[in-house]
Amino acid sequence: MSKLFSHENPTIEAFGLRVAAEFADDSSGHDWWHVWRVWRLARRLALEEGARLQIVELAALGHDVEDHKLGRPPGTLVTWLREAGVDTKTITEVENICRRVSFKGAGVADEMPSLEGQVVQDADRLDAIGAIGVARAFAYGGAHGRELYDPAEKPELHESFESYKKSGSSSLMHFYEKLFLLSDRMHTPSASRLARQRHAFMEAFVARFLAEWEGEA
Ligand code: ADP
Ligand code: NI
């Protein structure tokens, strides 16, 4: 197999390869290619927004390492960063960003003070919308035994992380619970521009899905 990740900076390359190896057999929607896309997008946004590249790239690569759904013990991210040769000050900054990235429900506010963190969160959210977002939502739904759609269901906007985590709704409901909310929650102008196009694509997709469901299209 060819090398999954290469980078001109040896520290970033070592960390990226570690993440790639550890994420290789993940089927929870946090696979290596998700991380890779977030890294690519975050790098682009960082260049457009003038954010510090090294912090952004490491945080993008590390953003899902300690995701609550994956069950890795606390400290895993710091260990991997240290073993790749990242310095202590950078590790602290990267860790602070990664801890805040995940979406916790419609009514739970985002707290992301640094531009570098905002860029990474924007990139992660862009990968949840648009054509890739549609594919990921149904892949996740299938992996968790969820229905495509249930006409009896009403969308629910979760006010707490607990109720959001417990939601067992259909994949189509996930568009209303989360995916349609993301384009308004972008931090940076560069991400907002991309989000608007991805959002419009999802709206067209859902409108067509519902029309086909009723046999109208
Ligand atoms: P993050 O932690 O990055 O905020 P998640 O881990 O919640 O995102 O989701 C990973 C992927 O799975 C995303 O593309 C997301 O939209 C999708 N997903 C999460 N929950 C559901 C769900 N209930 N139904 C369909 N897709 C989902
Ligand atoms: Ni992610």
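Just so you know, residue 1 is the first one in the sequence shown, and it goes up from there. Read the numbers this way: they start at 1 and go in the same order the structure lists the ligands and their atoms.
The shortest heavy-atom contact between His174 and Ala137 is CD2-CB, 4.5 Å.
A distance of 6.0 Å or more separates the ring centres of Phe5 and Trp36.
The Ni ion (ligand 2) has an N, O or S atom of Asp124 under 2.8 Å away, backbone or side chain. For Asp67, every N, O or S atom stays at 2.8 Å or more from the Ni ion (ligand 2).
A side-chain donor-acceptor contact under 3.5 Å links Ser190 and Glu49. Under 3.5 Å, the side chains of Ser170 and Glu153 contain a donor-acceptor pair of N or O atoms.
Contacts with ligand 1 closer than 4.0 Å are made by no heavy atom of Met173, backbone or side chain. Contacts with ligand 1 closer than 4.0 Å are made by no heavy atom of Asp127, backbone or side chain. The proximity of Leu179 to ligand 1, defined as any non-hydrogen pair under 4.0 Å, is limited to the side chain.
Between Phe175 and Phe138, the angle of the ring planes lies from 30° to 60°, which puts this pair in the tilted group.
The distance criterion of under 3.5 Å between nitrogen or oxygen atoms is not met by Ser171 with respect to ligand 1. Checking only distances, Asp64 never comes within under 3.5 Å of ligand 1, N or O to N or O.
Of the angles at the Ni ion (ligand 2), the one spanning NE2 of His34 and NE2 of His63 is 100° when given to 10°.
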CA sep, side-chain torsions, deciding dist, call: Glu111, Arg99, salt bridge (Lys or Arg N to Asp or Glu O under 4.0 Å): CA-CA 10 Å; Glu111 263 184 58; Arg99 199 173 331 115; over 6 Å; no
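Ligand-side atoms of ligand 1 in range of Asp124: 3 (O), range being under 4.0 angstrom from any heavy atom. Numbered from 1 in the order shown, with element, the atoms of ligand 1 that lie under 4.0 Å from a heavy atom of Arg136 read 10 (C), 11 (C), 13 (C), 14 (O). Each of the following atoms of ligand 1 lies closer than 4.0 Å to a heavy atom of Asp67: 2 (O).
Cation-pi contact between Arg72 and Phe23: present, with separation from the ring centre below 6.0 Å and deviation from the ring axis of at most 45°.
Taking all heavy atoms of His174, His34, Arg146 into account, the minimum distance to atom 19 (C) of ligand 1 is reached by His174.
Residue Asp64 approaches the Ni ion (ligand 2) most closely through its N/O/S atom OD2.
Results of the side chain to side chain donor-acceptor pair (under 3.5 Å) test with Ser169 over Glu177, Glu147, Arg146 single out Glu177 as the only residue that passes.
Annotation: Arg44, atom CZ; neighbour count of heavy atoms from other residues, nucleotides and ligands within 6.0 Å does not exceed 12.
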